[in-house]
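Data first, discussion second: the structure below is written as structure tokens.
Quick caveat: nothing in here was measured; it's all calculated off a predicted structure. Residue numbers start from 1 in every chain, and the chains themselves are labelled A, B, ... in the order their sequence lines are given, proteins ahead of strands.
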Amino acid sequence: MRVELREQVTTIIAQIPCGRVTTYGCIAKMTDGATARSVGAVLRTLPQGHTLPWQRVVSAGGRLADHEGARRQRELLAAEGVLFDRRGRIPARFFWP
DNA sequence: CACCTGACGTGGC
DNA sequence: AGCCACGCCAGGT
């Protein structure tokens, strides 16, 4: 993918406050031409040792995307105060712009 | 170049 | 609610 795109995406994710989340689609709209799928591609190919709060990126409707780290993601979010409703979804009040 | 495979979103049923 | 096409696009084979 284009380098500027990776930079835009990583920059945005780095700005998500602790205890808040945002979606792939939302990030995509903030960048210049990215799609939700390409945002996912960026997260998938992050280098080892990065410090990005990747756990704060969720799917539309506050659901967690189905991937290997989903279990871990849920723990990290819960640890920073993000709650899940009984259907496993994150309420809108935790969304960052 | 032609496929295939995803950390997606939306709309229809 | 759950399932399923479809559109989308970056990377790998």
Side-chain angles (χ1 to χ4, degrees):
Chain A
M1 71 196 50
R2 285 156 45 212
V3 183
E4 320 95 71
L5 210 54
R6 292 187 70 91
E7 291 182 342
Q8 286 180 50
V9 170
T10 53
T11 298
I12 290 170
I13 295 176
Q15 291 177 341
I16 306 174
C18 180
R20 311 292 298 286
V21 299
T22 192
T23 67
Y24 294 93
C26 189
I27 291 173
K29 283 186 231 170
M30 290 185 248
T31 62
D32 179 43
T35 62
R37 238 185 144 79
S38 56
V39 171
V42 171
L43 267 68
R44 200 176 64 230
T45 63
L46 285 175
Q48 292 297 321
H50 65 85
T51 59
L52 229 57
W54 58 273
Q55 72 274 21
R56 297 175 194 153
V57 184
V58 303
S59 297
R63 285 181 299 272
L64 292 191
D66 176 32
H67 63 100
E68 320 162 333
R71 206 25 98 127
R72 177 67 180 150
Q73 179 173 22
R74 166 121 190 196
E75 295 173 1
L76 289 172
L77 288 176
E80 51 186 68
V82 176
L83 303 178
F84 294 76
D85 63 22
R86 66 192 68 181
R87 284 176 303 184
R89 302 177 39 170
I90 299 170
R93 65 174 181 283
F94 291 106
F95 285 38
W96 181 65

Value in whole Å for how far the C1' atom of B:dA7 lies from CZ of A:Arg56: 17 Å

For nucleotides 2-6 of chain C, tabulate all protein N/O to nucleotide N/O atom pairs closer than 3.5 Å, reporting atom names and distance.
none

For A:Glu75 and A:Gln55, which I'm curious about, is there any donor-acceptor pair between the side chains at under 3.5 Å? no

So, A:Arg56 and A:Glu80, do they make that salt bridge, N to O below 4.0 Å? yes

Measure CD1/A:Ile27 against P/C:dA10 and give the value in whole Å, please. 16 Å

One character per nucleotide, please: for nucleotides 8-13 of chain B, 5' to 3', B when the base has a protein heavy atom closer than 4.0 Å, S when only the sugar-phosphate does, - otherwise. BSS---

For DNA chain B, what dot-bracket results from Watson-Crick or G-U pairs at under 3.5 Å, with [ ] for crossers and | for inter-strand partners? .|||||.||||||

Give me the distance, rounded to whole Å, that separates C:dC8 from B:dT5 when you measure between the C1' atoms they each carry. 14 Å

Select base, sugar-phosphate, or nothing to describe what A:Arg2 touches, counting heavy atoms under 4.0 Å on all strands. nothing

Protein-nucleotide distance (A:Leu5, atom CG; C:dA10, atom P), rounded to Å: 7 Å

Rounding to a whole Å, what distance do you find between A:Ile13:CD1 and B:dA7:P? 14 Å

Rounding to an integer number of Å, can you tell me how far A:Leu43 CG sits from C:dA10 P? 15 Å

For atom CZ of A:Arg6 and atom C1' of C:dC9, their distance in whole Å: 14 Å

Audit row: A:Val58, A:Gln73, side chain to side chain contact (heavy atoms under 4.5 Å, CB included) steps and yes/no: CA-CA 9 Å; A:Val58 303; A:Gln73 179 173 22; 4.1 Å; yes

Taken to the nearest whole Å, CD/A:Glu68 to C1'/B:dG6 is 11 Å

